[in-house]
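Below: one structure, written as structure tokens.
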Amino acid sequence: MGHTATAEAGSGGLTATEHRLANGLRVVLSEDHLTPVAAVCLWYDVGSRHEVEGRTGLAHLFEHLMFQGSKQVHGNGHFELVQGAGGSLNGTTSFERTNYFETMPTHQLELALWLEADRMGSLLAALDDESMENQRDVVKNERRQRYDNVPYGTAFEKLTALAYPEGHPYHHTPIGSMADLDAATLEDARNFFRTYYAPNNAVLSVVGDIDPVQTLAWIEKYFGSIPQHDGKRPPRDGSLPEVIGEQLREVVEEEVPARALMAAYRLPHDGTRECDAADLALTVLGGGESSRLHNRLVRRDRTAVAAGFGLLRLAGAPSLGWLDVKTSGGVEVPQIEAAVDEELARFAAEGPTPEEMERAQAQLEREWLDRLGTVAGRADELCRFAVLFGDPQLALTAVDRVLAVTAEEVQAVAAAKLRPDNRAVLVYEPVATDESDSDEEEGADQ
């Protein structure tokens with residue numbers, strides 16, 4: 001114990017210890033005295049994949065409700081207490097989990113643990129119609145701001161719905177639909193909390209300038225008396241055929257600044273060697289300004305202003321390779337698409353060069369070091385590997401698995417997966433508004 005972050009390969013000298021309370025709460029501690037701060041991260045094993053038809057968005061709505069007070073902390077008190085103590089905090093929801101996190105000065109660690117325990121154990125005491133309506137409106141407004149009323153904001157929801165068929169647990173995104181948010185009742189929320197917000201459905205990690213014995217004593221004191229709940233049903237099966245088998249396509253006419261080509265490719269599940277190989281392939285092809293697609297489309301052809309290809313890692317369903325190209329000037333999407341397919345076919349036939357492999361592996365290693373180099377990032381990674389793969393120690397050696405992948409494996413996954421019959425495609429075509437029409441008549445620069 002007591003190691004600090006270094007830039008070494010492997011675990012980088014980092015360690016983590018694991019504990020389990022009698023009520024089932026899993027605890028991971030990682031001691032690091034480099035700076036006088038401590039991060040608390042709590043992952044609940046519930047996300048949008050656990051929701052049922054007609055009640056989408058509950059996981060995300062509940063993320064907001066967790067900041068609306070509990071038995072001993074009223075209203076906005078969680079934010080006020082943490083920020084008043086010099087800390088920062090937030091929560092997020094994904095397909096596969098909901099997480100809550102604080103970074104505190106070391107001497108305020110006990111406060112963060114008490115706050116998380118209070119809402120895990122007593123949120124229902126404060127959950128009422130007023131807080132429900134308040135946060136329902138907040139989430140609906142967030143949907144408008146992030147999805148409905150921004151350029152290309154509909155892309156994530158539309159591509160997800162295309163890539164995962166109707167009825168699949170990943171078919172809908174965590175934000176939920178307006179209709180389902182309106183339909184959610186207070187009793188729905190209470191049942192959701194009872195089912196999923198239990199200690200035996202959570203992993204708590206504490207990382208940083210901590211005394212492990214004292215920290216564990218605080219965790220036992222505040223979390224130990226919270227009863228477990230055994231009514232959780234496993235998420236629906238997210239497995240699918242390895243390839244889609246056809247190209248799924250949708251043209252979207254919206255008020256966007258430029259034409260765009262976006263696509264989602266079905267890729268291997270997170271936690272597999274094949275997924276790491278796919279990550280390297282996408283990094284070579286579209287990870288930054290040295291990538292093949294950027295060099296081809298932006299630098300050489302000048303047909304695009306941006307071109308990226310990244311991996312959305314998923315453990316309970318096939319991961320998605322996310323292609324995003326914004327066109328320049330009056331360039332048509334078929335020209336962009338032909339160039340993309342040409343580059344993907346060439347990569348599948350030839351594979352990466354040794355220089356590209358070295359650069360891609362170094363890029364992913366740097367990203368791994370960035371995540372583990374902060375107490376908050378390391379706490380989150382420890383929770384992720386504990387919840388999704390059962391072993392938080394895997395977080396400390398993830399880079400070894402990436403560095404062990406060969407160029408042949410990268411070429412093989414690209415040849416098998418990065419094909420036109422294994423993608424869902426969105427084509428964005430701009431539509432002129434009345435205001436832009438009048439601007440053009442006045443000679444305004446578009």
Side-chain angles (χ1 to χ4, degrees), residues 41-67 90-101 123 132 135-148 153-185 187-198 201-203 231-240 264 266-267 269-271 310-320 322 380 383-384 386-389 424 426:
C41 186
L42 189 58
W43 271 45
Y44 290 94
D45 187 9
V46 58
S48 58
R49 67 171 175 165
H50 294 85
E51 297 165 348
V52 297
E53 186 177 356
R55 289 298 182 268
T56 65
L58 263 179
H60 181 227
L61 175 61
F62 221 94
E63 173 213 317
H64 286 259
L65 290 172
M66 284 283 276
F67 290 98
N90 213 333
T92 67
T93 311
S94 76
F95 290 103
E96 301 182 324
R97 58 95 185 111
T98 309
N99 68 342
Y100 303 90
F101 44 93
L123 186 100
M132 182 82 171
Q135 291 309 300
R136 191 201 314 268
D137 289 342
V138 169
V139 172
K140 289 167 68 175
N141 193 49
E142 181 182 340
R143 181 188 167 85
R144 294 184 191 100
Q145 291 179 336
R146 292 176 52 195
Y147 285 73
D148 298 336
T154 57
F156 184 56
E157 195 167 45
K158 288 180 179 295
L159 268 182
T160 300
L162 278 176
Y164 300 111
E166 186 81 38
H168 190 274
Y170 292 69
H171 178 72
H172 68 279
T173 58
I175 195 71
S177 72
M178 284 292 197
D180 286 358
L181 288 170
D182 283 333
T185 66
E187 193 54 35
D188 288 332
R190 286 174 172 160
N191 287 335
F192 193 88
F193 179 83
R194 293 188 190 102
T195 301
Y196 296 109
Y197 278 74
N201 194 47
V203 172
K232 176 187 172 183
R233 292 170 295 183
R236 289 169 293 142
D237 182 17
S239 61
L240 288 168
R266 188 177 292 176
L267 295 174
H269 290 238
D270 193 13
L311 180 63
L312 175 61
R313 287 178 175 263
L314 296 169
S319 301
L320 292 181
W322 208 270
D380 191 60
C383 280
R384 181 170 86 90
V387 169
L388 298 180
F389 307 111
L426 280 187

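Each residue takes its place number in the sequence, starting with 1.
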Nearest atoms (heavy-atom pairs only) where S48 meets A59
N-CB, 4.2 Å

Determine whether a donor-acceptor pair (N or O, by modelled atom type, separation under 3.5 Å) exists between the side chain of H168 and the backbone of G238.
yes

For a 4.5 angstrom cut-off between non-hydrogen side-chain atoms, does P235 reach P169?
no

Who passes ring pair (Phe, Tyr, Trp, His ring centres under 6.0 Å) against Y197, sequence neighbours left out?
Y44, F62, F193

Side-chain heavy atoms of L240 within contact of Y170, under 4.5 Å:
no

In Å, rounded to the nearest 0.5 Å, how long is the span from OG of S94 to CZ of R313?
14.5 Å

Sequence neighbours excluded, every pair satisfying salt bridge (charged side-chain N to carboxylate O under 4.0 Å, His left out) that has a member inside residues 160-182
K140-D182

Using a 4.5 Å cut-off on heavy atoms from C-beta on, say whether the side chain of V203 contacts that of C383.
yes

Checking the side chain of R236 only, and the main-chain atoms of G167 only, is there a donor and an acceptor separated by less than 3.5 Å?
yes

Qualifying residues under ring pair (Phe, Tyr, Trp, His ring centres under 6.0 Å), relative to H64, sequence neighbours excluded:
H60

Could you pull out the closest heavy-atom pair between G176 and T56, with the gap in Å?
CA-OG1, 3.7 Å

May I ask you to decide if V46's main-chain N or O and T98's side chain share a donor-acceptor pair within less than 3.5 Å?
yes

Nearest heavy atoms of A264 and A163, plus distance in Å
CB-CB, 4.4 Å

By salt bridge (charged side-chain N to carboxylate O under 4.0 Å, His left out), which residues pair with R146, not counting sequence neighbours?
E142

Taken in chain and number order and not counting sequence neighbours, the residues that satisfy salt bridge (charged side-chain N to carboxylate O under 4.0 Å, His left out) with R49 are D45

Assess the residue pair N99 and T92 against the criterion (side chain to side chain donor-acceptor pair (under 3.5 Å)); give the C-alpha distance rounded to whole Å, side-chain angles, the decisive distance to 0.1 Å, and a yes or no.
CA-CA 6 Å; N99 68 342; T92 67; 2.4 Å; yes

Kindly write out the residues that satisfy salt bridge (charged side-chain N to carboxylate O under 4.0 Å, His left out) with D148, not counting sequence neighbours, or none if the list is empty.
R143

For E96 and G316, indicate whether the former's side chain and the latter's backbone hold a donor-acceptor pair under 3.5 Å.
yes

Set of residues satisfying side-chain contact (heavy atoms from CB on, under 4.5 Å) with respect to N90, sequence neighbours excluded:
F101

Those residues that, when tested against T173, pass side-chain hydrogen bond (donor to acceptor under 3.5 Å, both in side chains) (two or more places apart):
none

Taking only residues two or more places apart in sequence or in another chain, which ones pass salt bridge (charged side-chain N to carboxylate O under 4.0 Å, His left out) with D380?
none

Is any side-chain heavy atom of L311 less than 4.5 Å from a side-chain heavy atom of W322?
no

Within the structure provided, determine whether P318 and H269 are in side-chain contact (heavy-atom separation under 4.5 Å).
yes

With sequence neighbours left out, the residues meeting ring pair (Phe, Tyr, Trp, His ring centres under 6.0 Å) with Y147 are none

Pair W43 + Y100: ring centers closer than 6.0 Å
no

Residue pair L320 / L267: nearest heavy atoms and the distance that separates them:
C-CD1, 4.1 Å

Is there a donor-acceptor contact under 3.5 Å from the side chain of R136 to the main chain of A184?
yes

Partners passing side-chain contact (heavy atoms from CB on, under 4.5 Å) against R190 (at least two apart in sequence or in another chain)
L124, L127, L186, E187, R194

How long is the gap from CD on Q135 to CZ on F67, to the nearest 0.5 Å?
10.0 Å

Evaluate the side-chain proximity of L426 to L162: yes if any heavy-atom separation is below 4.5 Å, no if none is.
yes

In short, salt bridge (charged side-chain N to carboxylate O under 4.0 Å, His left out) pairs touching residues 51-61 with sequence neighbours left out are R55-D188

If we ignore hydrogens and angles and just use 3.5 Å, is the side chain of H50 paired with the main-chain N or O of G47 as donor and acceptor?
yes

